[in-house]
Amino acid sequence: MKDFNYSAPKTVKEAISLLGSLQGEVKVLCGGQSMLVLMKQGMLAPEHIVDIKGISELDYIRFSEEKGLTIGALATHGAVEKSPIVKEKYPVLAEMEDNLAVVQTRTWGTIGGNVCHGDPAADPPAVFIALSSKYKLMGKKERIVNAEDFYKDLLEVDLEHGELLVEVQVPPMPANSGVAQEKLMVQKGDMGIVGAAAFVTVNPSTGICEDARIVLTNVASIPFRAKGSEKVLIGKKIDEKLLEEAGQIASEEVDPPADTHGSEEYRRDMARVFLKRATAKALQRAQQKN
Amino acid sequence: MGDLKVIGKRIPKKDAPLKTTGAAVYIQDMKVPGMLYGRILYSKYPHAKIVKIDTSKAEALPGVKVVLTGADVPNNFKFGFIKDNPPLKTGKVLSTRDEVAAVAAISPEIAEEALDLINIEYEELPGIFDPLEAMKEGAAMVHEEFKSNVLKMPWKFVAGDVEAAKKASAFIAEDTFSTQWVTHCCLGTSGCIASLDINNNLTMYSNTQIPSLAQNDFLEALKVFGFKNKRVRVIQCVIGGGFGSKLDTYAYEYIAILLALKARKPVKIVFSREDEFLATSPRQCTITKISQGCDKDGRLTFREMEMILDNGAYTSWGATTPSVMMVPISSLYKVPNIFYRAKCVYTNNTYSQAFRGYGNPQATFAIESNLDQLAEKAGIDPLEIRRINANEPGEVTPQNFKITSCGMKECIDEVVNRLDWKNKSGKHNGRGVGMASLIHVGGAARVYKSDGCGTIIKVDDNGKVDVITGSSEIGQGSETIISQIVAEVLGMSIDDINVINNDTDVCPWDVGAHASRTTFVAGNSALGAAQKIKTQIMEIAAKNLGESPEALEMKDGIIFSVKDKEKNISLGKVLRKVHYTLGGRMLVAEHFYDPPNENFDQNFKGNLSVAYAYGAHGVEVEVDKETGQVKILNYIAAHDVGKALNPMLLEGQIYGGGLMGIGYALGEKMIWDKGYLKNGTFLDYKMPTVQDAPPVQAVIVETDEQAGPFGAKGIGEPGLVPTAPAIANAIYDAVGVRIKDLPITPEKVLAALKEKEKGNP
């Protein structure tokens, strides 16, 4: 690991002014669970590291009926996992955390760091996109971006020089909606060979699917929104056959990598299976609410 | 055995507080004054000519003290089992873990930076990465001087007449099985500090599991380097796991010595996790052709096996694993006719070494998977074929193993009952049960000329006991077990026993922590020494109390007359009496235990071990037919251990072995792609973590081995031996597909399910 200049601002204001003034490659460090690995492997060697762990104003998980859930960038995975309000209102996030790495990683790793890392295999971005979440960025000015639009390419996100992600905003869950996440793990807590997060709303009287947002992980260079599959489901009553069709579409649309953990062919097949499984579970949850 | 006070009790490991609080001093923590930090540069290519090395920029970097290349290795020194491995390579590199240069600097960061400044010009050569390719006629030679890629080692064992037995068999099953490279994943990575005094005597701080043998290796090296009649002292820091990875000496150790010689300062080399993946030696991958037969009643008639082992580019002690593979091949179940041949083949891959089980898991995977195939052909329940052919006490196996205690049938019965085998097997409904048995050496193994271990016991003025043993504590709990044995004999608490086990200047000879031998050999050695010191203490106490030694007993540091407890004397007082007397003496005893086992003769016959360990594992799995994922629902690991000296430590060995075996079966694989390691991180190398641990029931079967200390046999390795075939057999029972190539990944299972649907076997 190469030497770097280190600074640790205590407020968002201080951090932003620092980030704006530093020249050369700057990286924001928080939990470090993804970034330090890249630095250790020599894939990343920033000149400056701005450690935001001390900005306590960003360490929060809040909920209101109007705004929904807001998670400060410093909230750890462990905090999300254990949060009573998360468990009550967005249990899918607690479930996701249970399968996210190991307890040490969850204790150090933060939501902000995770979503900014831009790993298409990571779970939180997919779940946040399925939930129509937005990210709040602070720089010279404040920007709110859709989580979905934030991801540009492998490990590349829409963060400009001098910008800091400060908050994840998850809207309130609509009535008659359900959400679920599933992934294929070899080790509990690993990134998953393929994963899926699905959100559906169902009309209680007709049983027809009114909305669906399905995001697959580790099948493309960014979290993959399975729009073709969603289209098939929306406006219809979801049954086994329809799910199979939606899964089939996803297996054709994804552009998965082939690596040591799975071939392209297997990943395509698993995209089908996990799209079906996550959607079926989300559907069941939506129906239970009715 | 009467009333045992300490033996058989669930006593926590003595070193547990040190390790859990971070107080233990590992090689990583060690510093000696003036120490430099060494780093090694590995080859960029798996097979290449080294055209030119330019170290000038590295040498010029401030803080760099020494840069070495192959040209600096004196007198063509090579190490390894057949001395084919120079610590720094010249002329050619044969694998991507080949050491090509090394640096010593005042900080690890500077040493690392210096590596980047070493400029090497290579001329890449085509490599051989598949042992089958390497065996073909006209294949390029990995070592040109050997004229063959097949190692000249006579791995062949024959008993009876396999061809005749084949003709007489009612059923025969044959198939081919293969296994992968897996690595030990010790939490404590390899490392050492080489320190030379002004006379070039070497002190090596190390985490080796073979201190006496390493001492000898380093002495030999010093001789070749031109330093004759020197002394070598090996001091072991706390060892963070070995599992066979530290059962040999390695290039990094010789490089540290060479750097220290040149720098005239101590040099520390400690592996990073990446180094540990790349440059320690994995379990060898194997290709096994097997055929077994039985008569119409299911009695085994023959076993025929041909194995090919990928040796990699150099030869370590690991090339002798076929000798231990022979243990199950010749002696797992009663099989009268045996043919076995193994070939170790050079390739441009990493070179293999010892790993817990030492070849037994690879052989047992083929035997026990194939046995289920045979049972199916014969129409016999897999459990019955194992019962029918199970080993028994008093048997002499084709390799001349004399079976003493043997609880194999009891282990099988435990598995059957606890798994509810009768109700659960043969359903083929996505859930299934499978089992596999094991035999392993359980009373040491005479691999070297010596299989001994020495113990010295001394008692101090305060009545405390120092036990100085040759055996190494590598996490297996030997320190605790030795304390228990001595405490039991002397009627003391284990807290009064101090075990010294980490310094060859002080500790007696031992051939190392291998072959599941430490409890058996070091335990017997400690037992002998404890009995001798007890005799001395009782004689002195008897004189002081005016009693005969036979009339006395010793408990809690007090020696007393059995008839009249008022007549007593404390151990401390006995000691002070012998020290504070004109013409006084010391209270010291020594005992060397070398088990009455045999080296193999030239036909690989001989009673390798004084006793043999048995076990059976049973597993219930559920297979996800859409993903191919295998979930373990229940796992029974029953082991014949002779006598459980400490059930808690024993269960730890079984859980640890079982989980290691589950990783071997279901996920772990080092991916060497054309000579390059593709998954040398814990992110990509799928070792099961505590989160993946299925419910493992450790079942202890006691058979009271007469030759063992208090009846005990070894248990260090057996826990992972039958795991993979038990799981493979359960998968077959669940969904009817047999995976013959480890690890059993979801993708492989799913592909097999699809083939089955298509009607292909």
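Excluded from the calculations below are hydrogen atoms, water molecules and symmetry mates; all remaining heavy atoms, backbone and side chain alike, are included. Residue numbers begin at 1 in each chain, while the letters A, B, ... track the order of the sequences.
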(request) Check whether the side chains of B:Glu99 and B:Tyr42 place a donor and an acceptor atom closer than 3.5 Å, and report yes or no. (result) no
(request) Identify which part of A:Asp259 has an atom lying under 4.5 Å from any heavy atom of chain B, answering side chain, backbone, both or neither. (result) neither
(request) Specify which of A:His261, A:Met270, A:Arg272 makes the most heavy-atom pairs with chain B at under 4.5 Å. (result) A:His261
(message) For B:Lys748, which atoms come within 4.5 Å of any heavy atom of chain A: side chain, backbone, both, or neither?
(response) neither
(request) Against chain B, label A:Val102 side chain, backbone, both or neither, depending on which of its atoms sit under 4.5 Å from a heavy atom there. (result) both
(message) Please classify the contact between A:Gln41 and chain B as side chain, backbone, both or neither, with a heavy-atom cut-off of under 4.5 Å.
(response) side chain
(message) Checking side chain to side chain donor-acceptor pair (under 3.5 Å) between A:Lys276 and each of A:Glu244, A:Gln248, A:Glu182, which is the one that passes?
(response) A:Glu244
(message) Run the salt bridge (Lys or Arg N to Asp or Glu O under 4.0 Å) test against B:Lys758 and tell me which residues pass, sequence neighbours left out.
(response) B:Glu755
(request) Return the option, out of B:Gln691, B:Gln629, B:Glu747, B:Lys669, with the maximum number of heavy-atom pairs under 4.5 Å with chain A. (result) B:Glu747
(message) Rounded to the nearest 0.5 Å, what separates atom CD1 in B:Ile671 from atom CG in B:Asn679?
(response) 4.0 Å
(request) Go through B:Glu274, B:Glu626, B:Glu112, B:Glu109 and name the one with the most non-hydrogen pairs under 4.5 angstrom from chain A. (result) B:Glu626
(request) Report yes or no: do B:Asn348 and B:Ser95 form a side-chain donor-acceptor pair below 3.5 Å? (result) no
(request) Can you tell which part of B:Asp673 gets under 4.5 Å to a heavy atom of chain A, answering side chain, backbone, both or neither? (result) neither
(request) Tell me, out of B:Leu750, B:Thr745, B:Leu683, who's got the most heavy-atom pairs with chain A below 4.5 Å. (result) B:Leu750
(request) Compute both the distance and the angle, then confirm whether B:Arg283 meets the cation-pi test with B:Tyr664: under 6.0 Å from the six-membered ring centre, within 45 degrees of the axis. (result) yes
(request) Measure the spacing between CG of A:Leu184 and CZ of A:Arg267 and express it to the nearest 0.5 Å. (result) 9.5 Å
